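What follows is a single structure, written as structure tokens, with notes after it.
What you see is a predicted model; the values in this text were computed from it and never measured.
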Amino acid sequence: MSWTDWLLNPSGLTPHGFCLSWAPGLVALHAGSDVVIGLAYLSIPLAIAAFVRRRPDIKYSWVAYLFVAFILACGTTHLMAILTLWVPAYGVEGIIKLVTAILSIATAAILWPLIPKAAALPSAAELERRVEARTAELTAALAQRDLLLREVYHRVKNNLQIVDSLLVMQTRQMPDPEAKQALRSLRDRVFALGLVHQQLMGSTDLKTFDIAPFLHELSTNIVHGGGANDVDLSVEAIPLDVGLDFAIPLGLLVNELVTNSLKHAFPDGQGEIDVNLSRADDGGLLLVVADNGKGYSRDGAGLGGEPAAKMALGSTIIEGLVAQLKGTIMVQSRRGQTRSEIRVADPVAA
């Protein structure tokens with residue numbers, strides 16, 4: 001007997017339908033049932049395999065693929081049962097059943113020792129409880145961090161206020177008007193630093209704050225605090241969230257430019273100062289501080305007779321702040337208008 005005959009048509013054997021007397025109802029019942037069972041057995045392991053592939057985090061996923069092979073073998077035996085209704089391919093059927101038996105033994109042998117390990121895995125409820133506990137810990141830690149940061153900002157602001165009070169006391173003992181003015185300028189710079197920390201203390205994330213109200217309050221304090229009641233101030237700024245590293249040099253820059261206008265532009269005490277922060281055409285920021293005062297000459301005396309040496313310290317500070325912001329500055333001055341344009345990169349994009 002050849003292998004082909006042994007597999008597909010052993011001598012003396014008849015198809016399984018013969019045992020059913022070829023009764024149409026019985027043959028149809030067995031064939032139809034095995035078709036449905038076989039197709040289901042082919043579909044289920046494919047679904048299991050697709051699920052495991054989408055969830056690479058599942059532990060012991062290789063066991064699932066063993067189940068896939070076992071169920072596929074079971075489905076194949078049912079499909080072979082359909083064939084043997086008409087063809088006595090009992091050799092092929094027996095080989096498939098042998099493979100199914102081997103896979104079933106392997107699956108059972110591996111599954112039982114694996115049950116304690118699988119049972120030890122945390123349940124979904126336990127995982128959810130752990131996540132909630134960890135989330136609560138992180139929330140508490142963030143709340144503690146926020147509290148500490150607010151306290152730090154508050155203490156820095158208070159310390160700067162103490163420094164300001166000391167400067168006031170020192171100013172009262174200064175007989176020299178120029179020395180008093182120098183201390184006044186120093187107080188304005190200290191106020192700018194304190195205002196930054198005050199804005200951060202009131203922000204939601206303790207990292208950034210809107211620069212627009214900050215510039216308005218800063219410029220207003222400089223003008224009104226300097227007693228320039230006849231100077232009209234206009235402040236326009238786009239809403240922009242900035243951090244400490246950007247706000248401090250920008251605030252000090254506005255302080256120096258506005259202070260320079262108050263000191264040198266209006267000998268009669270009357271004039272206008274405009275502060276504008278807008279978006280430049282290249283996507284960066286454009287800061288403009290302008291006044292309608294007497295103007296000045298950068299290479300000698302001011303247009304109104306003001307010595308340029310008095311502006312040396314302010315100019316040095318301005319150039320240093322522009323360099324810190326990695327920006328550029330352009331100043332245009334003539335009688336009736338002095339305009340300083342500073343272009344810097346967007347701190348958010350940078």
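K157 contributes atom NZ, which lies 12.5 Å from atom CG of L193 (distance to the nearest 0.5 angstrom). To the nearest 0.5 Å, atoms CG (L195) and CG (L200) are separated by 10.0 Å. Annotation: the span from I273 atom CD1 to S261 atom OG amounts to 4.5 Å, rounded to 0.5 Å. The CG atom of L183 sits 11.5 Å away from the CG atom of L166 when rounded to the nearest 0.5 Å. Remark: I238 CD1 to L285 CG distance equals 5.5 Å, nearest 0.5 Å. Remark: E256 CD to R189 CZ distance equals 4.0 Å, nearest 0.5 Å.
Both L160 and V152 belong to a single network of hydrophobic side chains, linked directly or stepwise wherever heavy atoms of I, L, V, M, F, W or Y lie under 4.5 Å apart. L321 and L286 fall into different hydrophobic clusters, where Ile, Leu, Val, Met, Phe, Trp and Tyr residues are linked whenever their side-chain heavy atoms come under 4.5 Å apart, directly or through other members. By the criterion of side-chain heavy atoms lying less than 4.5 angstrom apart, applied directly or through intervening Ile, Leu, Val, Met, Phe, Trp or Tyr residues, L244 is grouped together with L325 in one hydrophobic cluster. A single hydrophobic cluster is not seen to contain both L250 and V288; linkage of ILVMFWY side chains at heavy-atom distances under 4.5 Å, directly or through other members, places them apart. Under a hydrophobic clustering in which Ile, Leu, Val, Met, Phe, Trp and Tyr are joined whenever their side-chain heavy atoms come within less than 4.5 Å, directly or via other members, V190 and M174 fall into the same cluster.
Inter-residue side-chain proximity for Q198 and E217 is flagged as met; some heavy-atom pair is nearer than 4.5 Å. Residues F246 and V344 meet the side-chain proximity criterion, which asks for heavy atoms closer than 4.5 Å. Looking at V168 and R187, their side chains come closer than 4.5 Å, going by heavy atoms from C-beta outward. Using a 4.5 Å heavy-atom threshold, the side chains of W62 and I110 count as touching. With a 4.5 Å cut-off on side-chain heavy atoms, M330 and Q332 count as touching.
Atom CZ of R53 is surrounded by 12 or fewer heavy atoms from other residues, nucleotides or ligands within 6.0 Å. More than 12 heavy atoms of other shown residues, nucleotides or ligands fall within 6.0 angstrom of atom OH in Y65. Summarising the local packing, NZ of K97 is surrounded by 12 or fewer heavy atoms from other residues, nucleotides or ligands at distances under 6.0 Å. The local environment of CD in E236 is sparse, with at most 12 non-hydrogen atoms from other residues, nucleotides or ligands closer than 6.0 Å.
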Output side-chain donor-acceptor pairs under 3.5 Å for residues 21-48, partner residues at least two apart or in another chain, one line each.
unit_1, atom_1, unit_2, atom_2, d
S33, OG, L29, O, 2.8
D34, OD1, H78, ND1, 3.0

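A salt bridge is absent between D241 and K207: the closest approach of a Lys/Arg side-chain nitrogen to an acidic carboxylate oxygen does not fall below 4.0 angstrom. Here E132 does not pair with R129 in a salt bridge; the nearest charged N to carboxylate O distance is not below 4.0 Å. A salt bridge is absent between R150 and D146: the closest approach of a Lys/Arg side-chain nitrogen to an acidic carboxylate oxygen does not fall below 4.0 angstrom.
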Residue pair L218, F191: steps toward the side-chain contact (heavy atoms from CB on, under 4.5 Å) verdict: CA-CA 8 Å; L218 176 65; F191 175 82; 4.0 Å; yes
Worked verdict on N260 versus I318 for side-chain contact (heavy atoms from CB on, under 4.5 Å): CA-CA 10 Å; N260 280 350; I318 289 172; 3.5 Å; yes
I211/F214 under side-chain contact (heavy atoms from CB on, under 4.5 Å): CA gap, chis, key distance, verdict: CA-CA 5 Å; I211 196 70; F214 165 75; 3.5 Å; yes
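A donor-acceptor distance shorter than 3.5 angstrom exists from the side chain of S203 to the backbone of L206, with no hydrogens or angles considered. One N or O on the side chain of N159 and one on the backbone of R155 form a donor-acceptor pair closer than 3.5 Å. Side-chain atoms of Y90 come within 3.5 Å of backbone atoms of T14 as a donor-acceptor pair (strictly under, hydrogens ignored). Not one N or O on the side chain of D210 forms a donor-acceptor pair closer than 3.5 Å with the backbone of P213.
Residues satisfying the side-chain hydrogen bond (donor to acceptor under 3.5 Å, both in side chains) criterion with N158, sequence neighbours excluded, are H154.
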